[in-house]
Engineer: 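One structure follows; several queries about it will come next.
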2 protein chains.
Amino acid sequence: MSKIDIIKLAKALNLSKSTVSRAFRDNSDINPTTKERVLKMAKELNYRPNHYASNLREQKSKTIAVVVPELANNYFTQIIQGVERVAKTKGYHILIFVTDDDIQKEKEFIRSISNGRVDGVLMSVSGESEDHSYLNRVDFDWLPVVLFDRVYDDIELPTVVTDDYDSSYLATQHLIANGCKRIAYLVVNKEQSIGKTRMQGYMDALHDGGLPTDELLIADCSNAYDENALILKTFLAEQNPDGVLASVERLAVSAYYVCRDQGIRIPEDLKIVAFSSLEIAELLNPSLSTITQPAIQIGEHAANILLDKLSGVDSGGLQPQIVLSSELVVRDSSRL
Amino acid sequence: MSKIDIIKLAKALNLSKSTVSRAFRDNSDINPTTKERVLKMAKELNYRPNHYASNLREQKSKTIAVVVPELANNYFTQIIQGVERVAKTKGYHILIFVTDDDIQKEKEFIRSISNGRVDGVLMSVSGESEDHSYLNRVDFDWLPVVLFDRVYDDIELPTVVTDDYDSSYLATQHLIANGCKRIAYLVVNKEQSIGKTRMQGYMDALHDGGLPTDELLIADCSNAYDENALILKTFLAEQNPDGVLASVERLAVSAYYVCRDQGIRIPEDLKIVAFSSLEIAELLNPSLSTITQPAIQIGEHAANILLDKLSGVDSGGLQPQIVLSSELVVRDSSRL
DNA sequence: TTGTATGCGTTATCAC
DNA sequence: GTGATAACGCATACAA
């Protein structure tokens, strides 16, 4: 294969390079027969238009970036699946970037692609509690951005999120209905919109259910399994809750491990509900009650919004704000 | 931000574009002070070198492609994590492509990137039983390719795989040791090297353990959960095995569901061991015995090999063939 | 319908 | 140490 370019191909065909070029563009004036001829020879010589040259010329890349905080999370990989699925149908490729929840990396990545690297960006953000004004410096007409799941509320962009408040409220209500009096809330970062919104639903449900809200029942965890094991062990021992709402799957898993080790019975001693996209929640011991977010659909929606923008579909001036519903699936871990 | 390019920046600084360009290259003759000045102004104007122009010029993209059969599989997403981790440290981006186990898509993708789109490819293949000679047409000096997990044996390329035969053998031996007489093997596609190798380990262990091998005990499943539920339900009823080796996680999960529905007790009636990268195998009911592959490391190794090649490290002429060890973790699902 | 010429934004080579 | 200029490979406006 090596170095066959449009000129060599043109020479081989005794044509000009423009004609050859035209053979690869769909809506160009070209004799169907010569087009055939070119395509055939191209196949033979294994020629493909150089991507970077075309992109430079056309100022587009047919590629979108997907920016996520982490990959070690089923939820995000499911979202990526959704994105991939719709991107593929429109001929787009996807570039994955992981920020490790570090806004510096997020910022640097956005900077690094801000000059034609990709046609658009799908992002779940990392710096909600920090200064993310860097985003205001990008021209969204040049580089459309759609936020999903974790969003910056103070920046006007299309978003795709789930109804976290309602889900949290409902799940807490369910725990109350099943007799819980001391319901704990497990969260990784209270400052994130996700953590905050879910916490609000939890608190309001407590209040409406006639239960006091107690700062001490809110466990601020980390992202590392081993740390969480420690935090939760202490937390459960000291606070002795009878119900738990885990704002992310990982915390529910840690809670399961701690309960097993400490001889805390689920659901008899402690009932658990968790935000989780685990496909086998059903098979856990005991099966885990979940608030299941439509992850794949989030990806699909976000991708569709972005691709619409890229193909010039007018959103009527305003930014779509999609809210998808999660589903509360009650299983053994929160049963009476 | 919009349209700021090197020329505008140069003008703003009253410099030539060559000088500006030099400020961004690390080892160029340039006055440190002017470099400072350029970089500062660049930041101010939010200038970034155009990726496509540089790539066109330099003939490299600092991007590698990761090609996998599917994303709906923890195993592959973990591998991607590993790749991402090392790629990031070397300043590479990753482009994800999913073949849906369709060699046509695999082929088309490789073709589509064969002209400078990426600097190299990491791939887990899809067309082992089909004609994959298309790969011989790519010049691996121009586009280095490293295969992982699912490989083409008849094409000379670096590979990273796990010791599937040994793992299978060991797991089967373990089942025999725990009293199983009728051990079934669950597989998705017998023709794949993965399925085949694992089956061989299983068969040899049976033989060495003095047990007959029986074609009927090999269940050829599909990739869809609902289909598998049906297949396995019938299979378990008809063949009545007392042990099962699942060549992929998905099949073990299906088996769990079927057992639950049919009142088959694990491990009393049926012992199960599965190839699985599930992090919470421990928490299943009952906890699942697994052959755990070092997925993240596979990704890291593959990426390292590729990046070494890209940076011109000589592999001594021969293609590295890495074999990583999986770990058999015995849990309740296969206990006596 | 096809060919010619120009520019997309860089970087490298060569002068200065 | 810096500036002019020629590629990189392609796609389009314009001429033929």
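Values reported hereafter were calculated over all heavy atoms of this structure, with side chains retained and with hydrogens, waters and symmetry mates removed. Just so it is clear, the structure is predicted and the values come from calculations on it, not from any experiment. So that the names make sense, note that chain A is the first sequence line, chain B the second, and so on, each numbered from 1.
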Engineer: D:dG9 P sits how many Å from B:R117 CZ, rounded?
Structural biologist: 17 Å
Engineer: May I ask you to say what B:N31 touches in the nucleic acid, namely base, sugar-phosphate or nothing, with a heavy-atom cut-off under 4.0 Å?
Structural biologist: sugar-phosphate
Engineer: To the nearest Å, how far apart are A:L15 CG and D:dC10 P?
Structural biologist: 15 Å
Engineer: Just jot down the ring-ring contact (aromatic ring centres under 6.0 Å, His included) partners of B:H93, sequence neighbours excluded, or say none.
Structural biologist: A:F109
Engineer: Find the distance A:I30:CD1 to D:dT12:P and express it as a whole number of Å.
Structural biologist: 13 Å
Engineer: Checking B:Y152 now: which residues fulfil ring-ring contact (aromatic ring centres under 6.0 Å, His included) with it, not counting sequence neighbours?
Structural biologist: B:H132
Engineer: Rounded to whole Å, please give me the gap between CG in B:L13 and P in D:dG1.
Structural biologist: 18 Å
Engineer: Tell me the salt bridge (charged side-chain N to carboxylate O under 4.0 Å, His left out) pairs involving residues 109-128 of chain B, sequence neighbours left out?
Structural biologist: none
Engineer: Does any pair with a residue in residues 78-87 of chain A pass salt bridge (charged side-chain N to carboxylate O under 4.0 Å, His left out), and if so which ones, sequence neighbours excluded?
Structural biologist: A:E84-A:K88, A:R85-A:E300
Engineer: Less than 3.5 Å apart, any donor N or O on the side chain of A:T19 or A:S16 sitting next to an acceptor on the other?
Structural biologist: yes
Engineer: In the 5'-to-3' direction, what one-character label does each nucleotide of nucleotides 10-16 of chain C receive under the scheme B = base within less than 4.0 Å of a protein heavy atom, S = sugar-phosphate only, - = no such atom?
Structural biologist: BBBB---
Engineer: Who pairs with A:F24 by ring-ring contact (aromatic ring centres under 6.0 Å, His included), at least two apart in sequence or on another chain?
Structural biologist: A:Y47
Engineer: Could you state the CG-C1' distance from A:D29 to C:dG3, rounded to the nearest angstrom?
Structural biologist: 14 Å
Engineer: OP1 or OP2 of C:dG9 versus the side-chain N and O atoms of A:Q59: is any pair under 4.0 Å?
Structural biologist: yes
Engineer: What's B:L56 touching, base or sugar-phosphate or nothing? Going by heavy atoms closer than 4.0 Å.
Structural biologist: base
Engineer: Considering the terminal five base pairs at each end of the helix from C:dT1-D:dA16 to C:dC16-D:dG1, what angle separates the two local helix axes, rounded to 10°?
Structural biologist: 40°
Engineer: I'd like to check the ring-ring contact (aromatic ring centres under 6.0 Å, His included) partners of A:F76; sequence neighbours left out, ordered by chain and number.
Structural biologist: none
Engineer: Under the side-chain hydrogen bond (donor to acceptor under 3.5 Å, both in side chains) rule, what pairs show up with a residue in residues 71-81 of chain B, not counting sequence neighbours?
Structural biologist: B:E70-B:N73, B:Y75-B:D149, B:Y75-B:Q293
Engineer: Check this for me: does any side-chain nitrogen of one of A:D101 and A:R150 sit under 4.0 Å from a carboxylate oxygen of the other?
Structural biologist: yes
